[in-house]
Amino acid sequence: LGVRAWQTPLTLRQRCARVAVYRARRLEELSALLGGPAQEMQTLPDGHTLRTWRQRGYSITLRFDTDDVCLGVYDEHG
């Protein structure tokens, strides 16, 4: 089923609610599921990265290993 023109796009919070498991998914896959690239990225001393998606009072930060594979949710607000 496609998205109809009259349907409101999903919010980031709604998109996140549809993701059952973040761990072991690649950055590209999660970016597509969450509606685009992260708005922020921070590189940690161990080479891992924290990537944050934000939208209107909601944010989620995921931790990725050096191969851009998700290690899980680091932080979530809203």
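All figures in this text were calculated on a predicted structure; none of them were measured in a lab.
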Inset, instruction - Report the C-alpha separation of Cys70 and Arg23 in whole Å, then their side-chain angles, then the decisive distance to 0.1 Å, and conclude whether the side chain to side chain contact (heavy atoms under 4.5 Å, CB included) test is met. - result: CA-CA 5 Å; Cys70 185; Arg23 183 179 285 275; 5.6 Å; no

Inset, instruction - Any chance you could measure Leu62, atom CG, to Leu50, atom CG, to the nearest 0.5 Å? - result: 9.0 Å

Inset, instruction - Using a strict 4.0 Å threshold on nitrogen-to-oxygen distance, state whether Arg25 and Asp68 make a salt bridge. - result: no

Inset, instruction - Please answer: with hydrophobic residues joined when any side-chain heavy atoms are less than 4.5 Å apart, are Leu34 and Val73 in the same cluster? - result: yes

Legend entry - Path from Leu44 to Tyr74 over hydrophobic side-chain contacts below 4.5 Å: yes

Legend entry - Atom of His48, atom of Thr66 and distance for their closest heavy-atom approach: CD2-N, 4.0 Å

Inset, instruction - State, yes or no, whether a side-chain contact exists between Ile60 and Tyr22 at a heavy-atom distance under 4.5 Å. - result: yes

Legend entry - ILVMFWY network linking Tyr58 to Leu33, side-chain heavy atoms under 4.5 angstrom: yes

Inset, instruction - Measure the spacing between CD of Gln39 and CZ of Arg51 and express it to the nearest 0.5 Å. - result: 12.0 Å

Inset, instruction - Look up atom CG in Asp75 and atom OG in Ser59, then write down how far apart they are to the nearest 0.5 Å. - result: 6.5 Å

Inset, instruction - Report yes if some heavy atom in the side chain of Leu10 is under 4.5 Å from a heavy atom in the side chain of Arg18; otherwise report no. - result: yes

Inset, instruction - Taking the side chain as every heavy atom from C-beta outward, state whether Arg63 and Thr49 have any pair of such atoms under 4.5 Å apart. - result: no

Legend entry - Rounded distance (nearest 0.5 Å) linking atom CZ of Arg54 with atom NE2 of His77: 8.0 Å

Inset, instruction - Supply the atom-to-atom distance Leu27 CG to Asp65 CG, rounded to the nearest 0.5 angstrom. - result: 10.5 Å

Inset, instruction - Report yes if the side chains of Trp53 and Pro37 come closer than 4.5 Å at any heavy-atom pair, otherwise no. - result: no

Inset, instruction - Output, in order, the C-alpha distance, side-chain angles, deciding distance and verdict of side chain to side chain contact (heavy atoms under 4.5 Å, CB included) for Glu76 and Thr61. - result: CA-CA 6 Å; Glu76 185 175 20; Thr61 301; over 6 Å; no

